[in-house]
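See below for the structure under consideration.
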Amino acid sequence: MGLMRNLKFAVPLGLAALVFSPPTAPVAAQTYDEAGFQGYLQLLAARARGEGVSEATIVRMTSGLTLNQRVIALDRSQPGSTPGTPPALAPYIRTHVDAARIAGGRAMLQNVAGIVPGIEAEYGVPAPIIMAIWGHETNYGRYKGDFDLARSLATLAYEGRRRELFASEFIALLKMVDRGVPRERLYGSWAGAFGNPQFLPSVYLRLARDGDGDGDADIWNDRADTLASIANYFRDSGWRTGEPWGAKAVVPAGFDATPVATRLDSPSCPRVHARHSAWKTVAEWQALGVRPLRPMRADTLATLIEPDGRGNSAFLLTGNYRVILQYNCSNYYALSVGLLADEIAR
């Protein structure tokens with residue numbers, strides 16, 4: 001995921017929930033001690049029993065667990081979401097749709113050529129999109145994180161800034177062990193995301209897939225499982241087979257965007273969606289002089305975004321772009337995924 005790289009601009013899956021969900025307790029100076037942590041672990045253990053986790057798993061996952069002050073420091077150092085002019089898109093694209101990431105995606109696509117047709121046929125999601133997610137999340141598996149997930153999640157739950165979120169994810173992690181996931185695999189980011197696609201435990205339980213039929217959804221090491229799991233996430237989020245994510249567009253000089261401003265309030269990530277225009281068909285955009293630079297069906301609904309203002313880059317975005325936003329609610333992230341996918345497919 002380039003794990004925490006440029007978190008202000010792009011937040012990996014799972015981590016998006018951590019940054020964009022409201023804190024459950026005020027962020028204030030506070031001392032966190034080992035005795036308090038051990039007491040809180042007993043509360044987590046009791047909750048796990050209540051949710052049907054086996055006693056053997058509870059003991060195994062909590063014995064010897066200690067507070068991780070480094071995780072608390074990392075959580076407290078995350079940049080806030082402050083109002084103001086968004087940063088420019090172009091520098092972000094240069095560093096995330098770069099030659100190395102494009103070449104890596106093309107090479108990986110060749111390496112999994114025998115797997116790809118089945119994945120695309122079953123889930124309806126193009127392989128380049130899956131590759132672009134994998135490339136952004138962990139640079140095709142080169143860095144998946146080395147924090148002990150049980151320790152990180154329990155620490156973050158004890159810290160209390162987003163207690164319910166992290167407590168639920170800790171319990172989900174224990175349920176993964178009950179399901180048969182080996183304890184030695186359970187390492188990932190400091191914030192609890194793991195594997196090639198950087199799923200959180202609750203996402204793993206719901207959407208991870210065994211892509212090669214060996215009975216093990218190993219998204220840490222198995223390429224088929226990784227691809228199937230990312231594809232399943234996209235299918236579950238509403239990906240429309242055969243529809244592009246969007247396209248670069250040409251906006252005519254003197255174009256008045258006022259009549260096409262959105263009047264909708266998004267229930268999630270409203271500041272992200274507020275930068276998009278109203279939805280119109282591609283034919284309607286073309287009648288206004290806005291022209292996509294790739295073939296798009298005339299009846300496809302699309303929204304316009306000019307992330308760096310008039311006279312710079314412009315894009316017509318489809319419903320599938322919103323599916324990418326479900327993975328990470330950031331225009332920077334979603335645009336770079338779409339553009340990287342296009343380059344990998346080229």
Side-chain angles (χ1 to χ4, degrees), residues 1 3 12-18 41 44-66 68 71 112 115 119 122-123 130 133-134 137-158 164-237 327:
M1 104 198 195
L3 262 289
L13 167 73
L15 300 188
L18 316 186
L41 270 183
L44 287 177
R47 175 171 170 177
R49 291 186 193 96
E51 295 191 24
V53 178
S54 71
E55 191 65 27
T57 290
I58 293 171
V59 171
R60 185 181 183 193
M61 296 296 288
T62 60
S63 294
L65 215 58
T66 57
N68 192 331
V71 166
V112 297
I115 304 171
I119 299 291
E122 181 172 357
Y123 296 97
I130 301 171
I133 292 290
W134 190 3
E137 295 299 324
T138 56
N139 198 11
Y140 312 107
R142 288 181 175 86
Y143 183 65
K144 292 170 279 191
D146 55 6
F147 283 81
D148 180 272
L149 293 172
R151 190 181 182 207
S152 290
L153 289 168
T155 292
L156 290 164
Y158 170 60
E164 179 55 32
L165 170 66
F166 286 115
S168 296
E169 293 300 337
F170 180 82
I171 303 302
L173 189 75
L174 270 57
K175 291 177 179 178
M176 287 171 55
V177 175
D178 261 358
R179 185 185 283 189
V181 177
R183 174 70 175 90
E184 55 269 21
R185 279 187 197 162
L186 300 182
Y187 289 84
S189 80
W190 65 263
F194 55 83
N196 286 308
Q198 291 292 283
F199 282 1
L200 284 172
S202 60
V203 176
Y204 178 90
L205 289 173
R206 191 167 64 89
L207 296 174
R209 289 295 177 266
D210 172 15
D212 53 11
D214 65 357
D216 181 13
D218 181 3
I219 64 171
W220 293 263
N221 308 297
D222 191 300
R223 291 173 177 178
D225 296 352
T226 295
L227 299 180
S229 297
I230 296 172
N232 190 46
Y233 187 100
F234 271 62
R235 182 176 67 178
D236 182 75
S237 298
Y327 206 97

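Only a predicted model underlies this, so the values are computations on that prediction, with no experimental measurement involved.
When the side chain to side chain donor-acceptor pair (under 3.5 Å) test is applied to D148, the partners found at least two apart in sequence or on another chain are R183. In this view, D222 satisfies the side chain to side chain donor-acceptor pair (under 3.5 Å) rule with no residue, not counting sequence neighbours. Applying the salt bridge (charged side-chain N to carboxylate O under 4.0 Å, His left out) test to D216 and every residue at least two apart in sequence or in another chain returns R185. F234 meets the ring pair (Phe, Tyr, Trp, His ring centres under 6.0 Å) test with W239, Y327; sequence neighbours excluded. The side chain to side chain contact (heavy atoms under 4.5 Å, CB included) test applied to L44 returns Y40, L41, A154, A167, F170, not counting sequence neighbours. Under the salt bridge (charged side-chain N to carboxylate O under 4.0 Å, His left out) criterion, R47 pairs with E51, E164, sequence neighbours left out. Take T57 and apply the side chain to side chain donor-acceptor pair (under 3.5 Å) test, not counting sequence neighbours, and it matches S54, D178. Take T226 and apply the side chain to side chain donor-acceptor pair (under 3.5 Å) test, not counting sequence neighbours, and it matches N196.
Rounded to the nearest 0.5 Å, atoms CD (Q198) and OH (Y143) are 9.0 Å apart. Going from atom CD of E122 over to atom CG of L227 covers 12.0 Å, rounded to the nearest 0.5 Å. To the nearest 0.5 Å, atoms CG (L205) and NZ (K175) are separated by 7.5 Å.
For the pair T138 and G195, the tightest heavy-atom approach, listed with the atom from each and the gap, is CG2-O, 3.5 Å. Minimum heavy-atom separation, A208 to S229: CA-OG, 3.4 Å. In this structure, L153 and A191 approach most closely via the heavy-atom pair CD2-O, 4.2 Å. Taking every heavy atom of both residues into account, F199 and I230 meet most closely at CZ-N, 4.4 Å. Of all non-hydrogen atoms in G211 and D225, the two that sit nearest each other are N-OD1, 2.6 Å. Across W220 and V181, no two heavy atoms sit closer than the pair CH2-CG1, 3.8 Å.
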Inset, instruction - Take V177 and L186 through the test side chain to side chain contact (heavy atoms under 4.5 Å, CB included) and record every step on the way to the result. - result: CA-CA 9 Å; V177 175; L186 300 182; 3.5 Å; yes
Inset, instruction - Check step by step if side chain to side chain contact (heavy atoms under 4.5 Å, CB included) holds for Y233 and I133. - result: CA-CA 11 Å; Y233 187 100; I133 292 290; over 6 Å; no
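Side-chain atoms of N232 come within 3.5 Å of backbone N or O of L207 as a donor-acceptor pair. A distance-only check finds no donor-acceptor pair linking the side chain of Y204 to the backbone of A172 [under 3.5 Å].
For residues 197-209, the set of pairs meeting the salt bridge (charged side-chain N to carboxylate O under 4.0 Å, His left out) definition, not counting sequence neighbours, comprises R206-D236.
The side chain to side chain contact (heavy atoms under 4.5 Å, CB included) with E169 is formed by just one residue from the set L156, L200, V203; it is L200.
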